[in-house]
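We count residues from 1, following the sequence as given. What's counted below: heavy atoms across the whole structure, side chains too, no hydrogens, waters or symmetry copies.
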Amino acid sequence: MTLRTFSRVDEAEMKPVSIHEGIDSTLVILHNRLKTKPDRPTIQIVKEYGELPPVECYAGFLNQVFMNILSNAIDALNQHDKKRSPEEIKNRPSTITISTQVMHRDWVLISIKDNGPGVDIDVIEHLFEPFFTTKPVGEGTGLGLSISYDIVVQKHGGHLRCCSQPGQGAEFLIEIPLLQRDRAALKAS
């Protein structure tokens, strides 16, 4: 059922859905990448969900955005942990914090923040460009964040940005309207 919730293959149209269900189904799919393995520690997930009404969106596409951003955060934290001592990891475990809230009564803000190494400002400027990647050759296509940007901005009329400072982690902010009809009415006028 989780994969069905994540993909929303039977729900290609825009409709009101629970953003939290989408995030939760994405986390279930990523569960194996979050748990302890012999070569890496557990990545903790902290959920700070606000009260959200159903959000009118293309749920499958939005879940793809969550998957891309969370996968990148996991990759960054795993690489960061390879450079840290067991004591450093114990004192400051790798963590991804996901928070949601309604903004200005008609927009939703979804924040996905990690406590990894952060992103340099010159890299942030290129994050959403097609084929831009910071990963080694063969480990990334450079398309995940570009596709995510198009889904949030083009399909949902929203905003996707990254806030970061080296050593302070990275935070991706997704803002989308609660109702897409309002957006369509604005375009028509």
Side-chain angles (χ1 to χ4, degrees), residues 1-35 43-77 94-116 124 127-128 130 143-164 169-189:
M1 186 62 171
T2 298
L3 190 54
R4 185 179 191 83
T5 302
F6 171 79
S7 66
R8 303 280 185 162
V9 291
D10 55 343
E11 300 175 18
E13 77 276 2
M14 186 169 287
K15 62 190 253 184
V17 298
S18 166
I19 294 294
H20 297 150
E21 279 182 16
I23 295 168
D24 291 343
S25 69
T26 304
L27 290 170
V28 169
I29 291 168
L30 290 170
H31 175 74
N32 200 45
R33 294 194 59 208
L34 297 166
K35 66 182 185 179
I43 296 174
Q44 298 178 2
I45 298 293
V46 176
K47 296 181 201 175
E48 298 174 345
Y49 289 173
E51 292 279 330
L52 292 186
V55 177
E56 199 170 61
C57 65
Y58 295 105
F61 285 111
L62 208 51
N63 291 346
Q64 184 179 352
V65 171
F66 302 147
M67 177 68 76
N68 290 338
I69 293 172
L70 287 164
S71 291
N72 283 348
I74 292 167
D75 291 343
L77 290 169
S94 289
T95 304
I96 298 172
T97 303
I98 306 166
S99 60
T100 62
Q101 66 181 27
V102 174
M103 301 177 3
H104 313 296
R105 294 188 335 193
D106 55 355
W107 283 75
V108 172
L109 172 65
I110 303 140
S111 165
I112 301 173
K113 183 177 184 175
D114 67 60
N115 66 341
I124 289 175
L127 276 180
F128 303 113
L143 290 173
L145 290 178
S146 172
I147 290 168
S148 296
Y149 187 85
D150 287 345
I151 290 170
V152 172
V153 175
Q154 301 299 322
K155 284 199 174 295
H156 293 91
H159 310 282
L160 175 60
R161 57 194 163 96
C162 175
C163 302
S164 182
E171 180 177 23
F172 283 82
L173 300 164
I174 304 161
E175 299 173 48
I176 59 170
L178 275 171
L179 298 174
Q180 293 293 316
R181 288 182 293 255
D182 294 345
R183 183 174 154 245
L186 286 173
K187 278 186 170 180
S189 57

Partners meeting side-chain hydrogen bond (donor to acceptor under 3.5 Å, both in side chains) with Ser99 (sequence neighbours left out): none
Apply the test side-chain contact (heavy atoms from CB on, under 4.5 Å) to residues Ser18 and Leu52: give CA-CA distance (whole Å), side-chain angles for both, the deciding distance (0.1 Å), then the verdict. CA-CA 8 Å; Ser18 166; Leu52 292 186; over 6 Å; no
What is the ring orientation for Phe128 with Phe172, classed by angle as parallel under 30°, tilted 30 to 60°, or perpendicular over 60°? perpendicular
State which residues pass side chain to side chain contact (heavy atoms under 4.5 Å, CB included) with Pro54; sequence neighbours excluded, sorted by chain then number. Pro16
What pair of heavy atoms forms the shortest contact from Lys47 to Leu27, and how long is it? CE-CD1, 3.8 Å
Minimum-distance pair of heavy atoms, taken over all atoms of Ile110 and Ile23: CG2-CD1, 4.1 Å
Taking all atoms of both residues into account, what is the closest heavy-atom pair of Met14 and Lys155, and its distance? CE-O, 3.9 Å
Residue set satisfying side-chain hydrogen bond (donor to acceptor under 3.5 Å, both in side chains) with Asn68, at least two apart, ordered chain then number -> Ser148
To the nearest 0.5 Å, how far apart are OG in Ser94 and CG in Asp114? 8.5 Å
Could you tell me whether a side-chain N or O of Asn115 sits under 3.5 Å from a main-chain N or O of Gly169, the two making a donor and an acceptor? no
So, do Tyr58 and Leu62 sit near enough that their side-chain heavy atoms are less than 4.5 Å apart? no
Once rounded to the nearest 0.5 Å, what's the spacing between atom CD of Glu171 and atom CD1 of Ile112? 10.0 Å
So do Tyr149 and Leu127 actually touch side chain to side chain, heavy atoms under 4.5 Å? no
Under the 3.5 angstrom rule, does the side chain of Ser111 hit a backbone N or O of Leu173 as a donor-acceptor pair? no
At what distance, to the nearest 0.5 angstrom, does CD1 of Ile45 lie from NE2 of His31? 11.0 Å
Could you go step by step and tell me if Tyr49 and Ile98 meet the side-chain contact (heavy atoms from CB on, under 4.5 Å) rule? CA-CA 7 Å; Tyr49 289 173; Ile98 306 166; 4.1 Å; yes
Checking Thr97 now: which residues fulfil side chain to side chain contact (heavy atoms under 4.5 Å, CB included) with it, not counting sequence neighbours? Val46, Glu48, Thr95
Once you round to the nearest 0.5 Å, how far does CD1 of Ile43 lie from CZ of Arg33? 7.5 Å
Tightest non-hydrogen contact, residues Pro177 and His156, listed as CD-O, 3.1 Å
Contacts of type ring-ring contact (aromatic ring centres under 6.0 Å, His included), residue His159, not counting sequence neighbours: Trp107
Shortest non-hydrogen contact from Asn63 to Thr26? O-OG1, 3.9 Å
Spatial distance of atom CG (Asp150) from atom CG (Leu145) [nearest 0.5 Å]: 11.0 Å
Going by the rule side chain to side chain contact (heavy atoms under 4.5 Å, CB included), which residues pair with Ile147 if we only count those two or more places apart in sequence or in a different chain? Gln64, Leu143, Ile151
Could you tell me which non-hydrogen atom of Val102 sits nearest to which non-hydrogen atom of Pro53, and how far apart they are? CG2-CD, 3.8 Å
